[in-house]
Trainee: 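Take a look at this one; I'll ask things after.
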Amino acid sequence: MKSKTIGIVSLVCYLLILTPCAYGMGIGATPATMEIEVGNSESVQKTITVSNPEDAEMEFRVYNEDESIDWIHISDPTFALEPHQKKEVTVRFVPTADEMGKFDTKICIVSLKIEDGFNMGSGVKIPTHITIKEAAVPVYTNPATIILIISWLCIILICVDRLRRH
Amino acid sequence: MKSSTLFVAFATICVALGATGIVSAHQTWIDIDAMCVDIGDTVDVRLTEGHNFAGEGAPPFDVSAELVDPAGVKTPLNKTREDDLHWHSGFDSDQIGLYTILGRHVDEFWWKVYTGLGSRPDRPNSTYTYFPGEVNWSEIDKSNWTDDWHVVRHYKPYKYSKAFVSTNCDFSEADRASEQPLEIIPLDDVATTGTGDFEFQVLWNGEPLPNGTIAITGTRDVETKVSAICDDEGKATLPLNISCDWLITANAASDSAYWDGEYNDTSPHGENYTGPGGFVGNDHRAALTLLQLRGSNTVAMRAEIQSEIQFSVTPTYLDFGELGLGDISDPATIAIRNMGSKDLKSTVEVTDTNGLYTKGLRINASLWGEFETAVPADESVSLDAELHVPENFAGSGEMEGTIIFWAEAI
C-alpha cells in the first residue's frame, strides 16, 4: 500500500514537472490594426480580443508602447486566461482639448513566463493610428454664444430697471 | 471516384485475394507511438517482425534504420537496445515538418518447398514447408511429402519498412520517394487514412514493376485485410474504410512474380516433378506503418473565427547550458507557428541586467536586434538561437534575462 502511494505521488510529481513543457508561449489578438478618429475633448473606445491558444493558463499584460501618450486608457492592463480562453479588453482614447493632429503608437499585448534564468514571452503589437480633430462644440457651450446671451440678459435687466424708475 | 475505377479496384482486390489466399508472410515493420508529435519530443522507433500486424519478436540478423529529416538530410538511427519484441532506436524531433523513418532488415536465406497436402502434421492444410539456412536434402524425412515435391523458392529476404512522424501534423510531403529499393508511397493524404479508398504506388528502385508483379495489402489484424494488385504504374487502391492503425505491405504477387533472381531447373525436387524449377534470388518486401490520426467517424459541425494575429513560440524555456568566457552555446531551435489569419512580421526583444543576453544572443547567426522574419499564415519558421559569452563578461552563476518574440501583421 505504501509503495503504491509513493508510486502515485511520484507519477503526479512527474506529470506536474512535465506539464509546463507541453505547451508553447502563445498569444492571439484581434484586430491586427486600429484606426481611431476622435475630437479633442471627446472620447472613443475600441475593443481588443485577447486569446490564449495554449493548453496552460497564461498571464497577459496590455499597454501602450508610447509612454508619452497619457490619454490612452486600458481597461484591464493585466489578467490571466485559462487554456483557450478569450477576453475583451477596452482601450479608451480620451485626448485633452490641447491635443490635435495625428498620432501613431502601438498597443502591446505580451504573455511572459517568469522563471529563474532566461525567460521567454510572446507578444503582439497592434499599430494604432489616431487622428484628433477639433471637436464640434455645441451652440450652448460656445463661449461667443454665452457672452452674447449674457450681454443680452444684462441689456434686458438694465432696460427693466430703467422702466421701473420711470 | 468513377464507377469504372471502382470496378477495376474491386476486381483487382478480388484477384488479389484469390491469388494470395490471404497468406500471411513474415513481415518486418516500424512501430511508433504517434505520427503527430510536438517539436522537441523524443520519438521512440521500434522495429518488429511478425504476422498480421502483431509483433512476435525483434527482427534477427541484419537490421538498420535511418532518418530523413524535414530538410531531406539522411542520418543513421543507431540501435539503442533490443528486447523480446523490438529493435529500438529513436531521435529528437527538433525540426518543423515531416520526418521519414526508413528500416531495413536482411534475413537469412530461406527455402520454400512444395511438399503437398498433409505433409506437415502441425499444419494439415498447408502444402508448403519452409526451411531456413543450409539444408541437407538427403537427411530430411520426406516420408509425408508428395513425389513431385520441389523447391519453389530459395531466397534471401530483404524487408524495407517506413513510417512517418510530423511535428506540425502536415503529411503533404509523404508522397515523396525516399529511395528505398522497394518502397510504398502513399499518394493520398495519410491524414485521411481510414476514411475510404486510398491510393498507393509501389516502386522498385524508383520505377514501377510490370502490371501484376506486386500485391499490396492493408492489414488491421488477422481478420481485417484488404489487398490489390499494382498496375503498370505501380499504383493500386485499397479501401481503408476503418479508422484504425493500418500496416500496408507490398511483395511479389505470386510465386511466379519474383523479379530479382532467376528460375533454376536444377533446384532440388522429387522424382515426379517436371516443372521449370524454383526461383533463386532475393525476395524484396516493403511495409508502411500508418497510424490513426482521428478518433472517430463522427462528423460534428463547428466553426471558429481565427484571431487575426495568433502565434505560438516553442519551447517555453531556453537553457544554453554551462558556458565559459568566450564560449558559444549549442544552437537552440525555436519554432514560431502562425495560427492566425494574417501574415506576420516577427522581431525579438531581449532585456537583462547583466549584458550577457543583450550582447551575446544571436538569432540565425545575427545579433538579436537585427533579427526580423516573416511568418506566413498557417506556416511555421524555425530559428536557431546561440549565446556568445563575451570575453570580458564579468558575471558568474545563473544569469537572468528575458526574450520576447513580437509579432505584427504585415
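We name chains A, B, ... by the order of the sequence lines, and we start the count at 1 in each one.
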Trainee: Between A:Lys102 and A:Asp104 (salt bridge meaning N to carboxylate O under 4.0 Å), is one present in this structure?
Mentor: no

Trainee: Where on A:Ser51 is there a heavy atom nearer than 4.5 Å to chain B: the side chain, the backbone, both, or neither?
Mentor: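 When you check distances to chain B, only side chain atoms of A:Ser51 fall under 4.5 Å.
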
Trainee: Counting heavy-atom pairs closer than 4.5 Å to chain B, which one of A:Gly26, A:Ala32, A:Gly123, A:Cys108 comes out on top?
Mentor: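 Of the candidates given, the most pairs with chain B belong to A:Gly123.
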
Trainee: Given heavy-atom pairs under 4.5 angstrom as the criterion, report whether the side chain, backbone, both or neither of B:Leu344 touches chain A.
Mentor: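 B:Leu344 has no heavy atom closer than 4.5 Å to chain A.
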
Trainee: Between B:Ala385 and B:Leu361, which heavy-atom pair has the shortest distance, and what is it?
Mentor: CB-CD1, 4.5 Å

Trainee: Is a salt bridge present between A:Asp76 and A:Arg61, judged by a nitrogen-to-oxygen distance below 4.0 Å?
Mentor: no

Trainee: With respect to chain B, which residue among A:Pro53, A:Gly121, A:Ser111 yields the maximal number of heavy-atom pairs within a distance under 4.5 Å?
Mentor: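 Counting heavy-atom pairs under 4.5 Å, the top option is A:Gly121.
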
Trainee: In residues 124-133 of chain A, which residues are in contact with chain B at a heavy-atom separation under 4.5 Å?
Mentor: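 Counting heavy atoms that sit under 4.5 Å from chain B, the residues of residues 124-133 of chain A involved are A:Val124, A:Lys125, A:Pro127.
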
Trainee: Got a second to check how far A:Glu54's CD is from B:Thr314's OG1, nearest 0.5 Å?
Mentor: 8.5 Å

Trainee: Taking all heavy atoms of B:Asp83 and all of B:His88, pick out the closest pair and write down the distance.
Mentor: OD2-NE2, 2.8 Å

Trainee: Side chains of B:Ser93 and B:Asp41: any donor to acceptor distance under 3.5 Å?
Mentor: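 Looking only at side-chain atoms, B:Ser93 and B:Asp41 do not form any donor-acceptor pair under 3.5 Å.
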
Trainee: Would you kindly say whether B:Asp69 and B:Gln95 are connected by a side-chain donor-acceptor distance under 3.5 Å?
Mentor: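 On atom types as modelled, these side chains qualify, holding a pair under 3.5 Å.
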
Trainee: If we ignore angles and hydrogens, is there a donor and acceptor under 3.5 Å between the side chains of B:Asn364 and B:Ser366?
Mentor: no

